[in-house]
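Throughout, protein chains are lettered first and strands after them, A, B, ... in sequence-line order, and every chain is numbered starting at 1.
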There are 2 protein chains.
Amino acid sequence: MNIGEIARRAGVSRSTVSYVLSGKRPVSAATRQRIQAVIDELDYRPNASARALKEGRTRTLGLVIPPASRRLTDMQLGFVASVVEAAARVDLDVLLSPSGGDHDRSFERIVTGRRVDGVVLMEIRLTDERVTRLEQTGLPFVTIGRTARPHGMSWVDVDYGGLIASCVHHLADLGHRHVALVNRSAELVAAGYGPGSRASAGFAEATAERGLVGVDVCCGDDVAAGEACVEELLATHPEVTAVATVNEAALPGMQRALESAGLVVPRDFSLTGVAARHWAENFRPSLTAADVPIVDMGAEAVSLLLERIAAPDTAPRHRLYRPPISLRASTGPVPAARGAR
Amino acid sequence: MNIGEIARRAGVSRSTVSYVLSGKRPVSAATRQRIQAVIDELDYRPNASARALKEGRTRTLGLVIPPASRRLTDMQLGFVASVVEAAARVDLDVLLSPSGGDHDRSFERIVTGRRVDGVVLMEIRLTDERVTRLEQTGLPFVTIGRTARPHGMSWVDVDYGGLIASCVHHLADLGHRHVALVNRSAELVAAGYGPGSRASAGFAEATAERGLVGVDVCCGDDVAAGEACVEELLATHPEVTAVATVNEAALPGMQRALESAGLVVPRDFSLTGVAARHWAENFRPSLTAADVPIVDMGAEAVSLLLERIAAPDTAPRHRLYRPPISLRASTGPVPAARGAR
DNA sequence: TTGTATGCGTTATCAA
DNA sequence: TTGATAACGCATACAA
């Protein structure tokens, strides 16, 4: 079924049908009605490829996600859902590309095959080949996360450094003197993963400022790693009374290790960090944490991208989220016995 | 950049460039090299829309996911990732459509706008408008989950009925006499959600067969609902000593309610069901459960879909997964004191 | 071994 | 108010 067939059945030219569809030219009520009737009857809709070819735009956004081989975290999946939802609200479709490193076939296909009008890039590195690639091609893009030199590009990000610093200050206020940062995986941090290195920096700065002793450890993105990590932490640094973390996925394991050690949160040990709200709320005890506004960020990323697409020559914009720390039940005063030493 | 420009720079005709690209016609080594050099230099890649228009296929699969408004479950997100990954392996892109009910704009756009070569449909209802719609249009599709009358279509599904029955038998073998099924949300079950109603049926059948007393309750897909659900269950049916569940997302809440009631799993209370493997393993205590092979199912769905696309007239195929129950640490003999009454 | 010409289904320009 | 027609970029049947 194509526009020619509709035109034939309605006894008009193809252009008239096209104009009924687009409304870009007045069409007499009578013919419009006749044409619309045929369209409705046959449930006709323009061929997306032909339209994209002619118009030079696809009405599709690309979303580059980490390769699914290693399981995506809850937060990552939240971004996917929120980007898709935001795009759907403005009648755009989303094409997924699971691309990690450089030279990814799927990534190249999407970027240089003109399959999309713009790209949302997730899980940015501080220096990221994909960003360079997109800059080369001139395809509009927005990143979730930012590179080391984000100037001149559009992005949304969470201020992991500042938020972890806030966590440290909160812990210091509660009297904790020995605190640890449970970061993301060593590989990720080594690969120049922004949230990881910025959390690290913020932690170092805040502990120094408050004269605390800080331990900075990496931890895989899963329950088992979290458990192992805290076990080791307790063994090697028994003086630590609190942890701040950006590793949501490891939290249940961390809690498990604390329990095994006979430590009750928050009585014996405080736990805080940065996490999605539902994650913090469902934690037990509920987690004192900065709640990452995942849905807002996804929507904002789409909104910024649409802006880039509509006006590529305007100055890029960005948005750094710095959600307040929601006081919940996982942090408390340093235990007397241990804070005293 | 288009094929004509490449041809011009290489001093050949457009068709020769096209044939170099496709390899469908022999081209002399000399000209091929010259052309390839230009292609490499300009980093040229054919326009996907033009190619799709000409070839009549888009090299894209559609994936219909539940609307993100209500948070997707871990298992749903697992399917998304595995479908995308499987498609990428055969150089296909995936277009996402968050479509719940009927008449969804995104769904219609994808289906009738010829944006994809085929569709994977998630979260099927026993009677599903979207299936009807796809059947009308003739677009190849595969469902994850199956309708009440799945004959004549391609699908993959988990045998929730059989698996829940197996769980009941396992509990019966352990001496439990009063068991409960914690199902998915009441809305979902009422809406004719296959896994929900099939789990219910399997539960009823197995409890009857073993002469057990079964309590069948619905529960929202989240931690809070799980907690409330088990609280109420314990209050209204104190004789229940074990639960089987298909509600992964509610499990942590269920566990929380049991703890609050002073019940230790598996000493005082047994817990089992159907869940993703990593979920079961990360649970505490690790969950005796049938492990849903999410990755396999996503890959198989793509594989079946490719078959439909390549040979629409062959008989549809399906695959019903019936993974064995992995014995872990959450089930045990009925507690003497309570099993006795 | 290579080149020419046609059409895929649209939209939009130019005529009427 | 409407119709004829020319692109959009590509693949391929047909010629040479």
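A:N47 has its CG atom 8 Å from the C1' atom of C:dT10, to the nearest Å. As rounded to whole Å, 16 Å separates atom C1' of C:dT1 from atom CD of B:Q33. When the P atom of C:dG9 is taken as reference, atom CD1 of A:I6 falls 13 Å away, rounded to whole Å. Rounded to whole Å, the distance from CZ on B:R59 to C1' on D:dC10 is 12 Å. For the pair A:I3 CD1 and D:dG3 C1', the interatomic distance rounds to 13 Å; values are reported in whole Å. One can place CZ of A:R14 at 10 Å from C1' of C:dT11, the figure rounded to the nearest angstrom. One atom, CG of B:L21, and another, C1' of D:dA11, lie 11 Å apart when rounded to the nearest Å. Nucleotide D:dA11 holds its P atom 12 Å from the CG atom of B:N2, rounded to whole Å.
Close to C:dT10, at under 4.0 Å from its OP1 or OP2, lies no side-chain N or O of A:S18. For the pair B:R51 and D:dA11, the criterion of a side-chain N or O lying under 4.0 Å from OP1 or OP2 is met. Under 4.0 angstrom from either OP1 or OP2 of D:dT2 there lies at least one side-chain N or O belonging to A:T31. Considering only side-chain N and O atoms, A:Y19 lies nowhere under 4.0 angstrom from the phosphate OP1 or OP2 of C:dT10.
Of the N and O atoms on the side chains of A:T31 and A:S28, at least one donor lies less than 3.5 Å from an acceptor on the other residue.
Remark: the backbone N or O of B:T73 is paired with a side-chain donor or acceptor of B:Q76 at under 3.5 angstrom.
The environment of A:R114 atom CZ is sparse: at most 12 non-hydrogen atoms of other residues, nucleotides or ligands sit within 6.0 angstrom. By the neighbour-count criterion of 12 heavy atoms within 6.0 Å, atom CZ of A:R317 is sparsely surrounded, having that number or fewer from other residues, nucleotides or ligands.
With hydrogens and angles ignored, a donor-acceptor pair under 3.5 angstrom links the side chain of A:K54 to the base of D:dA7. A:R25 contributes a side-chain N or O that forms a donor-acceptor pair with the base of D:dG3 under 3.5 Å.
Residue B:S22 is classed as having no contact, given no heavy-atom separation below 4.0 Å to the nucleic acid.
Nearest nucleotide to the B:K24 side chain, out of D:dT12, C:dG9, D:dC10: D:dT12. Nearest nucleotide to the side chain of B:S13, out of C:dG3, C:dG9, D:dA11: C:dG3.
Scanning both residues, A:S154 and A:R308, for their nearest heavy atoms gives OG-CD, 3.1 Å.
Nearer the 5' end of DNA chain C, as judged by each residue's closest nucleotide, is the contact made by B:V12, out of B:E55 and B:V12. Across the interface with DNA chain D, nearest-nucleotide mapping of B:S49 and B:S15 shows B:S49 to be the residue nearer the 5′ end.
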